[in-house]
Amino acid sequence: MELTYNDFKKRALDGELSKWEKIGFPDSYRKGIEKLIFKDIAFKLGLESNSVKRILDIGCGCSDLVNNILTFCEKFDKTLTLVDSKEMLNIIPPNLKSNNKGVELVPGKFPNTKILYENTNKLYDAIIVYSVIQYPFIEMSIYHFINKCLELLNDNGKVLIGDIPNVSTRNRFIKSKDGISFQRNNITFAKNVEIQHSDEERIDDAVVLSILQRFRNFGFETYLLPQPEGLPFANRREDILIIKR
Ligand SMILES: C[S@@+](CC[C@H](N)C(=O)[O-])C[C@H]1O[C@@H](n2cnc3c(N)ncnc32)[C@H](O)[C@@H]1O
């Protein structure tokens, strides 16, 4: 069974787990690599651009990825809103949260986070939803979740739905020559994060392609992007970029 929002809360409170295990990854998948992940996110969303002033990270977690985002926003004077459970937000190092006066913490399960919708002057130029979409996929309508993200965008704003575990992409990779040798040398999952999925719980090509099509029909531009080599899931995950016209 896939992890739920409440499972992540419990993991956040479990003192036995590393900061990567708390967000559902073995250390080997993320430790020392999150700078590269951030670089890819920043490139795809154009975060360094002067036109990007307000950034929202939904399901920010508690590892070095969110720490990198906080440090970047402080350095480049961007306003940053972080959404995740109170338990998860509590783990982020206090000095990183308090250094930047532009940081806002919104505890709660998106999109039941009313505060985000209360002030239409506070829309966002870039929204990060990284390694998250598979959880709302089980718990609510994924289209509703994405719709609620898009409601928070300024014109020309972008949403990156990143690190999508598309089982069709994974299966194509596994059947390839590279996939066969990868499996031979496969790193075994750490005990703390091994999860069995049923097919109904998995995102596949049908889901990914329907997202691209559906939001184009609503007037957005949508793109399917690969991940660069060197990222932990580059061979079997992909990203969706949605741009508001
Ligand atoms: C796999 S972790 C990814 C964390 C971070 N984005 C990263 O890539 O390092 C998934 C995170 O999404 C959060 N999450 C899941 N569903 C959520 C929801 N509906 N609203 C807010 N956060 C959610 C979990 O609490 C968890 O921290």
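Start at 1 and go down the list; that is how both ligands and their atoms are numbered.
Open room surrounds NZ on Lys31; 12 or fewer heavy atoms of other groups in view lie less than 6.0 Å from it. Other residues, nucleotides and ligands place more than 12 heavy atoms under 6.0 Å from the CD atom of Glu118.
Close contacts of ligand 1 with Tyr135, meaning ligand atoms under 4.0 Å from a residue heavy atom, involve 1 (C), 10 (C). For ligand 1, the atoms lying closer than 4.0 Å to a non-hydrogen atom of Cys60 are 4 (C), 5 (C), 6 (N). Against a heavy-atom cut-off of under 4.0 Å, Leu65 is close to the following atoms of ligand 1: 7 (C), 8 (O), 9 (O). Numbered from 1 in the order shown, with element, the atoms of ligand 1 that lie under 4.0 Å from a heavy atom of Val132 read 12 (O). With ligand atoms numbered from 1 in the order given, ligand 1 contributes 27 (O) to contacts under 4.0 Å with heavy atoms of Met88.
Of the N and O atoms on the side chains of Asp7 and Thr4, at least one donor lies less than 3.5 Å from an acceptor on the other residue. Side-chain contact annotation: Ser85 with Tyr5, donor-acceptor N/O pair under 3.5 Å absent. Side-chain contact annotation: Thr79 with Glu104, donor-acceptor N/O pair under 3.5 Å absent.
Protein heavy atom in closest approach to atom 22 (N) of ligand 1: Gly59 CA, 3.5 Å. What sits closest to atom 17 (C) of ligand 1 on the protein, heavy atoms only, is Tyr5 CD1, 3.6 Å. The nearest heavy-atom contact from the protein to atom 2 (S) of ligand 1 is Ile23 O, 3.5 Å. Nearest non-hydrogen protein atom to atom 13 (C) of ligand 1 is Asp84 OD2, 3.5 Å. Protein heavy atom in closest approach to atom 9 (O) of ligand 1: Arg30 NH1, 2.9 Å.
Partner of Gln227 under the side-chain hydrogen bond (donor to acceptor under 3.5 Å, both in side chains) criterion, chosen from Asp40, Asp163, Asn235: Asp163.
In this structure, Ser63 is part of the shell of residues with a heavy atom less than 4.0 angstrom from ligand 1.
Closest heavy-atom approach to atom 3 (C) of ligand 1 within the set Ser131, Gly162, Gly61: this belongs to Ser131.
Note: Leu212 CG to Leu224 CG = 5.5 Å, rounded to the nearest 0.5 Å.
Contacts between Lys109 and ligand 1 below 4.0 angstrom, taking non-hydrogen atoms only, involve backbone and side chain alike.
Considering backbone and side-chain atoms together, Phe110 places an N or O closer than 3.5 Å to an N or O of ligand 1.
Close placement of the Phe8 and Tyr135 rings is indicated, their centers lying within 6.0 Å of each other.
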- Given the rule in the ring-ring contact (aromatic ring centres under 6.0 Å, His included) test, do Phe137 and Phe145 qualify, once you have shown the distances and angles that lead to the verdict? CA-CA 9 Å; Phe137 181 65; Phe145 184 96; over 10 Å; no
